[in-house]
There are 2 protein chains.
Amino acid sequence: MNQKINNLTLKMLAKQLGLSVSTISKAIRDSHEISDTTKKRVNELVQKLNYIPNPYASSLGSRNSKTIGVVIPEVVDSFFAKAINGIESIAQENGYHVLIYLTHESIEKEKQILKDFESGRVDGVLLSVSRETCSHSHINILMNKGVPLVFFDRVVDEVKASKVVTNDYESAYKATELLIKNGCKQILFLSFLNTLAISNKRLNGYKNALLDNRLAFIEKNILTFQNDSKKDYLLLKKKLNLTKRADGVIASVEKLALPVYQACEELRLNIPGDVQVIGFSNLDTAAFLNPPLTTITQPAFEIGKTAAALLVKALGRKKIELANEEIIIPSTLVLRRSTSL
Amino acid sequence: MNQKINNLTLKMLAKQLGLSVSTISKAIRDSHEISDTTKKRVNELVQKLNYIPNPYASSLGSRNSKTIGVVIPEVVDSFFAKAINGIESIAQENGYHVLIYLTHESIEKEKQILKDFESGRVDGVLLSVSRETCSHSHINILMNKGVPLVFFDRVVDEVKASKVVTNDYESAYKATELLIKNGCKQILFLSFLNTLAISNKRLNGYKNALLDNRLAFIEKNILTFQNDSKKDYLLLKKKLNLTKRADGVIASVEKLALPVYQACEELRLNIPGDVQVIGFSNLDTAAFLNPPLTTITQPAFEIGKTAAALLVKALGRKKIELANEEIIIPSTLVLRRSTSL
DNA sequence: TTTATTTACGAAACCGTTTTCGTAAATACA
DNA sequence: TGTATTTACGAAAACGGTTTCGTAAATAAA
């Protein structure tokens with residue numbers, strides 16, 4: 001099909017050096033079975049002829065691919081983009097290739113992708129589940145096939161696996177507390193519909209901070225957005241337009257901070273004068289918004305890097321085993337003007 | 001090495017059905033050589049046993065990988081993130097996998113990556129070169145090996161290949177013209193050092209707009225940033241602090257818009273009162289900056305999608321050939337308050 | 001009815017490595 | 001000096017598919 005040029009093979013090298021294919025193969029991979037002088041001869045020819053092994057033949061023979069699969073909901077998202085950077089830094093360092101798959105928050109796609117992984121395409125998987133992910137049999141099935149998997153950020157508590165997350169509960173608690181300290185009485189909590197498994201942790205942090213400060217927890221102050229629906233935005237606007245309107249908003253997801261700004265603008269509400277806003281966000285532009293947005297900033301790069309390191313380390317072992325641990329890397333509260341008094 | 005479970009192979013399926021391996025293989029790929037009844041029998045067993053072919057064996061045999069390699073400078077960048085979405089949409093649709101590599105603007109990494117591609121790891125390549133990329137032999141070498149390649153956005157003019165770009169020249173011209181119309185006399189042009197090849201197009205658009213409007217083109221008004229160096233920022237600040245200071249700024253790269261905002265803030269300059277700003281950017285937050293940023297917005301998704309479509313279409317042909325064409329998808333000027341009068 | 005063609009399949013080679021195993025020569029041990 | 005180990009390599013069998021080619025039976029053409 002392809003008009004690939006004359007690809008150099010081990011056999012050709014072997015012929016040129018009067019050695020066997022297996023000797024060449026071993027020499028290239030620095031096997032102890034091969035003498036140093038032979039290794040040198042081989043490597044010189046490899047250099048000279050610019051030989052590059054066929055990765056598919058290697059993978060087939062060795063039953064591993066030096067590839068890790070990264071499954072994330074979305075890439076147009078500062079958190080995930082930065083996490084990819086972290087993952088990629090470890091991958092490069094250890095000679096792994098990175099296959100990226102986007103679920104676009106669809107559990108169906110997620111299932112499809114994980115199923116494909118049963119083929120042995122990747123040596124291990126880094127997974128951040130979609131919002132829709134409520135069941136987790138597809139994940140267990142993959143793991144039971146012996147494919148190592150590490151969760152990052154959006155984990156499924158019910159699945160036993162290595163996980164790298166941030167301190168969602170504490171962060172939300174702290175954010176809520178801040179708003180309370182700043183005098184807010186009616187605090188809206190904005191999130192996306194997350195069917196089950198994925199963290200209600202932020203919500204709980206919010207809830208408990210309210211209770212601990214003798215404020216009522218009001219069900220209606222939780223706004224659960226569907227996918228970019230206009231309806232939710234209108235509901236938000238309505239909440240901000242009541243006589244007894246909200247005076248504080250926590251956007252528990254990066255994408256939900258901007259609608260708040262927009263709503264306030266349209267309603268001519270002053271931030272932070274009328275409404276104080278705080279967002280879970282990795283946006284580099286947070287400091288330049290109008291007004292600058294106070295954020296809970298997750299250690300995206302670190303989370304990606306740590307998850308990848310965990311996986312790569314496990315892959316390097318004879319007997320692959322991932323501890324059932326949860327590594328927590330704390331987020332940072334960055335105070336800016338959207339929450340000053 | 002891996003404790004992979006009992007992977008199902010064609011041979012096992014063949015035995016169960018009393019057919020030959022080749023028949024099964026053909027049936028699965030819907031070959032015309034196989035009768036419908038046999039295909040049905042095979043597919044039923046495939047379903048039942050949940051058989052998934054080993055991609056590495058397939059690739060080795062068929063000499064193609066159903067994988068495309070995407071090489072970009074950075075993923076924490078709205079443009080590239082959105083371009084990936086476009087690429088991925090086409091890939092998914094056509095059953096291709098997407099291998100993503102980041103150069104981090106380093107030509108050395110870029111060379112490394114392209115060299116690895118000589119191995120046949122990917123069927124085709126989507127490339128947006130690094131800022132450092134001044135020579136292009138590494139690209140030509142790869143293409144000469146018969147690996148189809150499509151440039152997107154950051155192309156190398158000297159290399160003959162398919163390219164998908166936006167109208168950089170016109171966009172910059174238009175942006176400059178806008179500032180001029182708005183009364184700016186001293187317009188700064190901010191860019192990163194791009195050694196050669198990559199578009200001086202934006203710069204030329206800027207230059208010609210000045211000349212066409214009888215404004216002097218002043219070499220010193222071009223600020224060429226190195227990598228995130230503090231020095232450049234200080235130079236920018238200085239330029240905005242002269243007695244005859246700049247009254248307009250064009251950030252020809254997304255990342256350079258924020259430093260302008262920061263500098264203005266520190267200098268207590270009003271945007272757009274004292275300085276008008278326009279940025280090449282895909283930032284979703286542009287509309288919520290203080291003040292909202294007028295942007296030249298590139299059709300990132302479309303560019304990625306088009307480039308991928310071009311590549312995939314070529315890969316589908318018996319004889320792979322990519323026209324030496326350049327597809328131009330125009331950017332949009334979005335007027336916001338950073339340039340109002 | 002005879003011959004040509006098509007249909008539906010199987011045998012075997014092949015893709016380019018890795019891995020297992022066998023072995024002659026070199027070295028160590030006793 | 002004879003035996004046990006190492007050392008350094010090669011032959012051949014995987015790995016799990018795809019592809020080529022050959023062929024018997026079924027169908028079409030003459």
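This one's a predicted model, so the numbers in the text were calculated from it and none came from an experiment.
- Atom pair A/N54:CG and C/dT18:P shows a separation of 10 Å (rounding to whole Å applied).
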Check the pair A/T133, A/H138 against side-chain contact (heavy atoms from CB on, under 4.5 Å), reporting the backbone distance first and the verdict last.
CA-CA 10 Å; A/T133 301; A/H138 58 302; 4.0 Å; yes
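- The base of D/dA11 lies close enough to the side chain of A/S22 for a donor and an acceptor atom to sit less than 3.5 Å apart.
- You'll find that the side chain of A/T23 is closest to D/dC9, out of C/dT19, D/dC9, D/dT18.
- Note: CG (A/L49) to C1' (C/dG16) measures 16 Å, nearest angstrom.
- Along DNA chain C, the nucleotide nearest to B/H32 and the one nearest to B/G61 differ in position, and the one closer to the 5' end is contacted by B/H32.
- The phosphate of D/dG16 has neither OP1 nor OP2 within less than 4.0 Å of any side-chain N or O from B/T9.
- Distances shorter than 4.0 Å separate none of the side-chain N or O atoms of B/Y51 from OP1 or OP2 on D/dG16.
- Taking only side-chain nitrogens and oxygens, B/R63 never comes nearer than 4.0 Å to OP1 or OP2 of D/dT19.
- The shortest distance between the side-chain N/O atoms of A/S58 and the OP1/OP2 oxygens of C/dG16 is not below 4.0 Å.
- At a cut-off of 3.5 Å, with distance as the only test, a side-chain donor of A/S22 or A/S20 sits close to an acceptor on the other residue.
- If you take CD1 of B/I34 and C1' of D/dT19, they are 13 Å apart, rounded to a whole angstrom.
- Proximity note for A/E33 (side chain, C-beta onward) versus D/dG10, C/dT18, C/dA8: the nearest is D/dG10.
- Annotation: the span from A/K39 atom NZ to A/S31 atom OG amounts to 6.5 Å, rounded to 0.5 Å.
- Atom CG of A/N64 is separated from atom C1' of D/dA14 by 16 Å (rounded to the nearest Å).
- Side-chain N/O atoms of B/K26 and base N/O atoms of D/dG17 include no donor-acceptor pair closer than 3.5 Å.
- Remark: C1' of C/dA13 and NZ of A/K11 are 11 Å apart, rounded to the nearest angstrom.
- Residue contacts for B/T38: at a heavy-atom cut-off of 4.0 Å it reaches the sugar-phosphate backbone alone, with no base atom in range.
- Distance, A/L60 CG to C/dT19 C1': 12 Å, rounded to whole Å.
- Here A/S59 does not reach the OP1 or OP2 of C/dT17: none of its side-chain N or O atoms lies under 4.0 Å away.
- Counting any heavy atom pair closer than 4.0 Å across all strands shown, A/S25 reaches a base atom.
- Ring geometry for B/F79 against B/F152 counts as parallel: the plane angle stays under 30°, on a 0 to 90° scale with 60° as the upper cut.
- Within the structure, every side-chain polar atom (N or O) of B/R29 is placed at least 4.0 Å from both OP1 and OP2 of D/dG17.
- A/Q16 contributes atom CD, which lies 13.0 Å from atom OH of A/Y51 (distance to the nearest 0.5 angstrom).
- With rounding to the nearest 0.5 angstrom, the NZ atom of A/K115 is 4.0 Å from the CG atom of B/N50.
- Close to D/dG10, at under 4.0 Å from its OP1 or OP2, lies a side-chain N or O of A/S20.
- Taking atom CZ of B/R121 as the reference point, atom C1' of C/dT17 lies 13 Å away to the nearest angstrom.
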